[in-house]
Undergrad: 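Before anything else, here's the structure in question.
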Amino acid sequence: MTTTVLQALLWDVDGTLAETERDGHRVAFNRAFEALGLPWRWDEARYGELLRVTGGRERLMADMAQRSDAPGNAGEREILARELHTIKSKHYAELVSAAQLPLRPGVRELIDEAAAAGVRQAITTTTSRSSMAALMRVNLGADWQRCFAAVVCGEDVRHKKPDPEVFKQALALMNLSPLQALALEDSPGGVAGARAAGVPVVVTRSSYFEHADIEDAIAIGPGLHTRQGWQPALAGAQGRVTLADLQAWRVGFESVSQFGPLN
Ligand code: XBP
Ligand code: MG
């Protein structure tokens with residue numbers, strides 16, 4: 001059985017690169033409600049429920065569909081959701097620019113290691129380009145795009161995760177087959193999307209999806225900063241998750257893969 005070298009990492013943003021939801025997106029949505037004089041506020045628990053809906057505008061629509069004080073007409077709700085989302089995105093960019101949302105530990109190290117090893121990297125996210133770029137700029141610098149061969153965001157696809165479109169588009173841009181890549185994700189929707197595209201997935205648990213049922217990952221653990229608490233287990237207690245670990249998980253996956261050998 002032959003195993004190819006890992007050729008690309010496909011990075012999810014929210015929850016995987018950074019813990020953006022509770023103190024970033026959620027706060028920005030609430031500021032947008034406030035800016036338009038709406039009494040609506042999403043507390044942490046409600047926002048956790050709403051995370052089942054991917055995409056900020058879609059999330060607003062889902063919430064409004066359940067409110068008696070939202071516009072009754074679907075067209076009016078759509079207009080309001082767009083207006084709120086524009087305001088929300090500005091507030092989100094302000095929040096991340098104030099450096100309140102750092103990358104998760106171990107992320108920067110793996111990005112740098114992959115870049116040095118010639119493993120290509122892509123952003124595969126549901127989030128809007130402006131919000132993603134604000135986060136990347138503040139954490140990786142103005143030339144953050146140098147690290148990424150492809151960047152596919154919410155507005156680039158017709159169907160957001162759990163649809164596989166974002167992953168398929170990134171693979172097409174890099175001219176890679178699914179099994180030459182590995183996705184890094186935190187949510188059931190993200191895992192479902194990557195798997196539907198045929199891409200193996202490693203999951204780093206984020207705060208909102210700490211206890212979520214996730215079945216289809218080749219490895220799952222608490223974060224890239226630690227070798228402890230991973231399934232399958234990693235040898236050695238000290239240090240972070242490395243490219244070699246990702247490659248080893250892929251080899252293990254290959255031996256039990258329902259996708260067939262990596263090629
Ligand atoms: C992230 C999301 C996003 C953000 C909000 O999902 O669901 O909708 O919460 O972003 P994933 P926008 O991590 O799977 O990509 O408001 O910019 O849509
Ligand atoms: Mg995510």
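Residues: numbered from 1 along the sequence shown. Bear in mind the structure is a predicted one, so any value in this text is a computation, not a measurement. All ligand and atom numbering here is 1-based and tracks the order in the structure.
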Undergrad: Taking only heavy atoms of E21 into account, list the atoms of ligand 1 that are under 4.0 Å away from them.
TA: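 Those atoms are 1 (C), 2 (C), 4 (C), 9 (O).
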Undergrad: Any idea which atoms of ligand 1 are less than 4.0 Å away from a heavy-atom of T127?
TA: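 Answer for ligand 1: 1 (C), 3 (C), 4 (C), 10 (O), 17 (O).
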Undergrad: Answer yes or no for Y47: is there a heavy-atom contact with ligand 1 below 4.0 Å?
TA: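 Y47 counts as a contact of ligand 1 under the 4.0 Å cut-off.
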Undergrad: Quick one: pull up CH2 in W249 and CD in Q231 and give me the separation to the nearest 0.5 Å.
TA: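 Rounded to the nearest 0.5 Å, the CH2-CD separation comes out at 10.5 Å.
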Undergrad: Output the distance between atom CG (D156) and atom OG1 (T125), rounded to the nearest 0.5 Å.
TA: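 If I round to the nearest 0.5 Å, the distance is 10.0 Å.
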Undergrad: Give the ring-plane orientation class for H85 versus F29, where under 30° counts as parallel, over 60° as perpendicular and anything between as tilted.
TA: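 Because their plane-to-plane angle lies in the 30° to 60° range, the rings of H85 and F29 count as tilted.
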Undergrad: What protein N/O/S atoms sit under 2.8 Å from the Mg ion (ligand 2), by chain and number?
TA: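 Only D12 OD2, D14 O, D186 OD1 fall inside 2.8 Å of the Mg ion (ligand 2).
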Undergrad: Between K161 and D12, is the closest basic N to carboxylate O distance under 4.0 Å?
TA: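 Salt bridge present between D12 and K161.
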Undergrad: Are E165 and K160 within salt-bridge range, i.e. N to O under 4.0 Å?
TA: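 The answer is no: the pair does not qualify as a salt bridge.
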Undergrad: With respect to T124, determine whether any N or O atom, backbone or side chain, lies less than 3.5 Å from an N or O atom of ligand 1.
TA: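 No: no nitrogen or oxygen of T124 is under 3.5 Å from one in ligand 1.
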Undergrad: Using 0.5 Å steps for rounding, measure from the NE2 atom of H91 to the CZ atom of R31.
TA: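 These two atoms lie 7.0 Å from each other.
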Undergrad: Any Lys/Arg nitrogen of D163 or R158 sitting under 4.0 Å from an Asp/Glu carboxylate oxygen of the other?
TA: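 Not counted as a salt bridge, because no side-chain N and carboxylate O are separated by less than 4.0 Å.
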Undergrad: Salt bridge or not for R59 and D63, using N-O below 4.0 Å?
TA: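 Result for this pair is no, no salt bridge flagged.
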Undergrad: Is the Lys NZ or Arg CZ of K88 less than 6.0 Å from the centre of Y92's six-membered ring, within 45° of the axis?
TA: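 Yes, K88 and Y92 form such a contact.
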Undergrad: With a cut-off of 4.0 Å, which atoms of ligand 1 are near a heavy atom of G55?
TA: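 Atoms satisfying the 4.0 Å criterion: 7 (O), 8 (O), 18 (O).
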Undergrad: Please report which non-hydrogen protein atom sits nearest to atom 18 (O) of ligand 1, along with the residue it belongs to and the distance in Å to one decimal place.
TA: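 That would be G56 N, 2.7 Å.
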Undergrad: Would H85 count as a contact residue for ligand 1, given that I'm defining contact as a non-hydrogen atom of the residue lying under 4.0 Å from a ligand atom?
TA: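 True for this residue.
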Undergrad: Output the list of atoms in ligand 1 that are nearer than 4.0 Å to some heavy atom of T125, sorted by atom number.
TA: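 Here the atoms of ligand 1 in question are 15 (O).
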Undergrad: Among all protein non-hydrogen atoms, which one is nearest to atom 6 (O) of ligand 1, and what is the separation to 0.1 Å?
TA: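 Protein heavy atom at minimum distance: T126 CB, 3.6 Å.
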Undergrad: When rounded to the nearest 0.5 angstrom, what distance separates CH2 in W40 from CG in L60?
TA: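 Answer rounded to 0.5 Å: 8.5 Å.
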Undergrad: Should the proximity of E58 to ligand 1, defined as any heavy atom under 4.0 Å, be assigned to the side chain, the backbone, both, or neither?
TA: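 Contact part for E58 vs ligand 1: neither.
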Undergrad: Which of the numbered atoms in ligand 1 are under 4.0 angstrom from any heavy atom belonging to D12?
TA: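 Ligand 1 atoms under the 4.0 Å threshold to D12: 11 (P), 13 (O), 14 (O), 15 (O).
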Undergrad: Can we say E58 and R52 salt-bridge, meaning some charged N sits less than 4.0 Å from an Asp/Glu carboxylate O?
TA: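 So E58 does not pair with R52 through a salt bridge.
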Undergrad: Out of S128, G154, S130, whose heavy atom sits nearest atom 17 (O) of ligand 1?
TA: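 The option holding the nearest heavy atom is S128.
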Undergrad: Within the structure, is a non-hydrogen atom of R59 found at a distance of less than 4.0 Å from ligand 1?
TA: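 R59: in contact with ligand 1 (<4.0 Å).
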Undergrad: Nearest 0.5 Å, what's the NE2-CG distance between H225 and L103?
TA: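 Rounded to the nearest 0.5 Å, the NE2-CG separation comes to 14.0 Å.
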Undergrad: Give the numbers and elements of all ligand 1 atoms closer than 4.0 Å to a heavy atom of D14.
TA: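 Reading through ligand 1 atom by atom, the close ones are 1 (C), 3 (C), 4 (C), 13 (O).
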Undergrad: Pair E49, R46 - check salt bridge (charged side-chain N to carboxylate O under 4.0 Å, His left out), show working.
TA: CA-CA 5 Å; E49 291 166 10; R46 175 66 182 150; 2.9 Å; yes
Undergrad: Hey, does M132 sit under 4.0 Å from ligand 1 if you only count heavy atoms?
TA: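 M132: no contact with ligand 1 (<4.0 Å).
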